[in-house]
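Please read the structure below before turning to the comments.
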Amino acid sequence: MIVSLKDVRKGETQYRFSYPTSWWVREDEYDPVVGLSKPIDLEVEIRPVGARYILNGQIRTELILRCDRCLEEFRCPMHESFSLILKKADPLFELDKELKREELLEEVMEGEELDLDPVVREQVYLFLPMKCICREDCKGICPNCGRNLNQEECACTTKTAHPAFQVLKTLKVRGGKI
Ligand SMILES: [Zn+2]
Ligand SMILES: [Zn+2]
């Protein structure tokens with residue numbers, strides 16, 4: 001979605017856009033966001049401050065993510081606020097190093113137009129949890145037989161516990177003695 005910065009400077013500062021679910025295209029097969037199960041509702045206020053523009057926005061949507069543990073797809077509601085400062089760099093604009101950004105997002109603004117699409121995409125990635133899991137107690141996939149342990153148990157898991165759990169058991173026992 002393109003915003004005219006001329007309009008912003010004239011006082012048109014409030015914007016609301018809807019991105020259809022088809023808008024999200026996976027970057028590659030490793031993109032953790034498989035798609036959208038609801039359209040993205042973007043509300044943003046853009047204020048000119050000198051040579052800069054301050055963006056305060058809200059994104060509401062529902063993402064389709066792939067679970068890191070069991071590899072199944074699941075839905076994850078997203079309702080996030082964000083703030084950004086954009087400034088003009090000749091001839092393009094550059095984002096200030098600001099808030100939780102790690103990289104500069106260049107070419108967001110060209111001339112008198114601000115393309116909000118890369119901003120939205122970036123915010124979606126920033127929102128993603130470090131570990132994408134479908135639910136707290138997701139059992140994942142058996143490393144031996146590849147079965148989804150949320151759906152069925154397999155013979156391998158009952159025989160050997162994960163080494164980490166063995167350590168925990170030992171610690172518990174020790175703790176009990178003290
Ligand atoms: Zn899972
Ligand atoms: Zn197994």
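Given the structure is predicted, the values throughout are model-derived calculations rather than measurements. Order of listing sets the numbers, starting from 1, for every ligand and every atom in it.
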Legend entry - Shared hydrophobic cluster for Val34 and Ile141 (ILVMFWY, side-chain gaps under 4.5 Å): no
Legend entry - Vertex the Zn ion (ligand 2), arms to Cys142 SG and Cys156 SG, rounded to 10°: 110°
Legend entry - Neighbour count above 12 (heavy atom, 6.0 Å) for Arg66 CZ: yes
Inset, instruction - Identify the heavy atoms of Leu65 and Cys76 that sit nearest to each other, and give their distance. - result: CD1-CB, 3.7 Å
Legend entry - Which atom of Asp7 lies closest to which atom of Tyr15, heavy atoms considered: CB-OH, 3.8 Å
Inset, instruction - Return the minimal non-hydrogen interatomic distance between Arg121 and Val25, and the atom names on each side. - result: NH2-O, 2.8 Å
Inset, instruction - Spell out, yes or no, whether Ile64 and Val120 are grouped together once hydrophobic residues are joined by side-chain heavy atoms under 4.5 Å, including indirect joins. - result: no
Inset, instruction - Enumerate the protein N/O/S atoms at a distance below 2.8 Å from the Zn ion (ligand 1), ignoring waters. - result: Cys67 SG, Cys70 SG, Cys134 SG, Cys138 SG
